[in-house]
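I have placed the structure first, in the form of structure tokens, so that the comments after it can refer back to it.
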Amino acid sequence: MTSVRVRFAPSPTGYLHVGGARTALFNWLYAKRTGGTFVLRIEDTDKERSTEAHTQVILDGLAWLGVTHDEGPYFQGQFYGRHRADAEGLLRADRAYRCFCTREELDQARTHAEKGNSSFRYDGRCGRLSRADVDARLAAGTPFSIRVRMPDEEIAWEDAVHDRISFQGRDLDDFIILRSDGTPIYNLAVVSDDIEMRITHVIRGDDHISNTPKQIALYRALGRTPPVFAHVPMILGSDGKKLSKRHGATAVGDYQDQGILPLAMRNFLALLGWSPGGDREILPEEEMIALFSLEGIQKKAAVFDLAKLEWMNGQYLSARPAAELEPAVRRHLGALGVDPGSRDLRPLIDAVKTRSRTLLDIANQVAVRLDRTRITRDPKGDQLVTKLGAAFTANLALVSAALTALPEAQWTPAALEAALKELAEREGKKLGDVMQPVRVALTGGTVSEPVNELLAVVGREDSLARIAAARS
RNA sequence: GCCGCUAUCGUCUAGAGGCCUAGGACACAGCCCUCUCAAGGCUGGAACACGGGUUCGAAUCCCGUUAGCGGUACCA
């Protein structure tokens, strides 16, 4: 029994897509579950679109999620030599042949076939060239690509998530494995690398199902045993189409910016297309690993549900102590242009945490409590002012008088609550009519933590100043 | 067109022939709590795509239909 080796092989052509992140997560989970090795391989063969910056974004995204690799990153571009050697080996074994057809000829044949409403399939004409023909073209310096000979036989495999999938070789054509410039085509590079890296399980997106028979054909031609394949379903947008930029945030980094906790993101992604069975939702890492299996992966594509992600994030948020959240909240405050200095943010975070679903929510609320210039009167606040009319300022005046009498040392949630309740009772006011104006004065809105806590967190001097400002 | 994959509440899913008058979670609605809003608790509406089989019995097995998705490159 050889040990499990899996890999995640993104191409650095943009950012880390949530679909890719989930594929990486499943690989990681499987490696952890089986005590195997998780290899990271960057498929940078598309020189035009690949950049180092993109590679870094992917590395950062995986690190953020805590999806750590055991080996690599390898860069596919380094292995051109081996890819080419494999293609030439196939040529010598007559499992492949040189194709002298030009791009133009091929394109023409393709458009012609499409007009006739049938799919283009290369007819293998160059594969039937005589020895002398080939030699003559070679001598003339005619450029050529290399194609595999696709055998007319069944190509089937036992997919770890889909069970048996089967194709017929005759439905596939002799596809190109090496371009006329000597660089490898994706399917060859992948197979060559997976063999070299002794990959035992290929866990990748559903969209690769149609590549798989081609790759199996290559394994056969190369005389190697294919790995186990596990094709995980796609992630869709709310309209049922493949998730793309049109649907809003699709990059892992976007969610980081919005203040999603990495563990919440990872938990959410794990449950998108995989089920541990039963009613579990919040899964600690150990449980996630212990319960993970390829069989538990769904066959059906899943819709990305932002509302559920945010709910889950809220769950993680409330389970984390404020101290743990503080560094991240500081970063978000920085992004908002607020400098809290050396002030202890923990009480502020605790005050607003349960009303927040993201770190950004927290930062926004903390910002208002820290800096009175960030108060903006919202529509509900205006409504209250209109509704109360003269009572709004009158009640604030009463509050101001009562609280001014409260010295700094007694500016505590308990004392504040007592003072406010006493005031309402003494004046025969409804508690809400006393509390709500304060809330509007301090935050501009009608929603916040309990008013006594709000006052405590904003502080005596600042609270009184805000109340005074709201009265004028 | 051809090849392939898929099909349980709006969404994520449980369900491996009787435990299903189909369970949970998100979202939604109502109630409780309450100075507001959340959180929390309770309640409610909400699904086996359709048609044939197999079987004493089918959400579960088989076939077909329909729909959606993926692929059909000298892209990855």
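Computed from a prediction, not measured in an experiment: that's the story for all the values here. In what follows, chains carry the letters A, B, and so on, assigned in the order in which the sequence lines appear, proteins first and then strands, with residues in each chain numbered from 1.
At a cut-off of 3.5 angstrom, counting only N and O atoms as typed in the model, there is no donor on one side facing an acceptor on the other between the side-chain of A:Ser210 and the base of B:rC3. The base of B:rC35 sits with one of its N or O atoms less than 3.5 Å from a complementary donor or acceptor on the side chain of A:Asn452. In this model, no side-chain donor or acceptor of A:Asp305 finds a partner on the base of B:rA27 within 3.5 Å. A donor-acceptor contact under 3.5 angstrom links the side-chain atoms of A:Arg355 to the base of B:rC37. In terms of polar N and O atoms assigned as donor or acceptor, the side chain of A:Arg439 comes within less than 3.5 Å of the base of B:rC35 in a complementary pairing.
Proximity of A:Arg98 to the phosphate of B:rC74: no side-chain N or O atom is located under 4.0 Å from OP1 or OP2. Considering only side-chain N and O atoms, A:Arg121 lies nowhere under 4.0 angstrom from the phosphate OP1 or OP2 of B:rC2. Side-chain N/O atoms of A:Arg204 include none lying less than 4.0 angstrom from OP1 or OP2 on B:rA76. For B:rA76, the OP1/OP2 oxygens have a side-chain nitrogen or oxygen of A:Arg179 closer than 4.0 Å. An OP1 or OP2 oxygen of B:rU8 is reached within less than 4.0 angstrom by a side-chain nitrogen or oxygen of A:Lys300. Taking only side-chain nitrogens and oxygens, A:Lys242 never comes nearer than 4.0 Å to OP1 or OP2 of B:rC69.
A gap of 16 Å separates the P atoms of B:rC61 and B:rC5, to the nearest Å. Annotation: B:rA58 and B:rA49 have their P atoms spaced 15 Å apart (nearest Å). Distance check on atom C1': B:rA7 versus B:rC12 gives 15 Å, rounded to whole Å. B:rA27 and B:rG64 have their P atoms separated by 41 Å, with the value rounded to a whole Å. Atom name C1', nucleotides B:rA29 and B:rA46: the rounded distance is 12 Å, in whole Å. Nucleotides B:rG68 and B:rA47, compared at atom P, are 23 Å apart to the nearest Å. A distance of about 11 Å separates the P atoms of B:rC26 and B:rC42, rounded to the whole Å. Comparing the P positions of B:rC48 and B:rU21 gives a spacing of 15 Å, expressed to the nearest Å.
Checked by atom type and distance alone, the side chain of A:Asp361 pairs as donor or acceptor with a backbone atom of A:Thr358 at under 3.5 Å.
Among the nucleotides B:rA76, B:rA27, B:rC35, the one closest to any side-chain atom of A:Asn211 is B:rA76.
If you check every strand for non-hydrogen atoms under 4.0 Å, A:Asp181 touches nothing.
Remark: A:Arg147 is positioned above the aromatic ring of A:Tyr122, its terminal NZ or CZ atom under 6.0 angstrom from the ring centre and at most 45 degrees off the axis.
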(request) Tell me, with the steps shown, if A:Arg372 and A:Val458 meet side chain to side chain contact (heavy atoms under 4.5 Å, CB included). (result) CA-CA 9 Å; A:Arg372 95 183 68 141; A:Val458 171; over 6 Å; no

(request) Report the C-alpha separation of A:Tyr186 and A:Glu43 in whole Å, then their side-chain angles, then the decisive distance to 0.1 Å, and conclude whether the side chain to side chain contact (heavy atoms under 4.5 Å, CB included) test is met. (result) CA-CA 9 Å; A:Tyr186 170 75; A:Glu43 314 234 307; 3.2 Å; yes

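Aromatic pair A:Phe26/A:Phe8: centroids not less than 6.0 angstrom apart.
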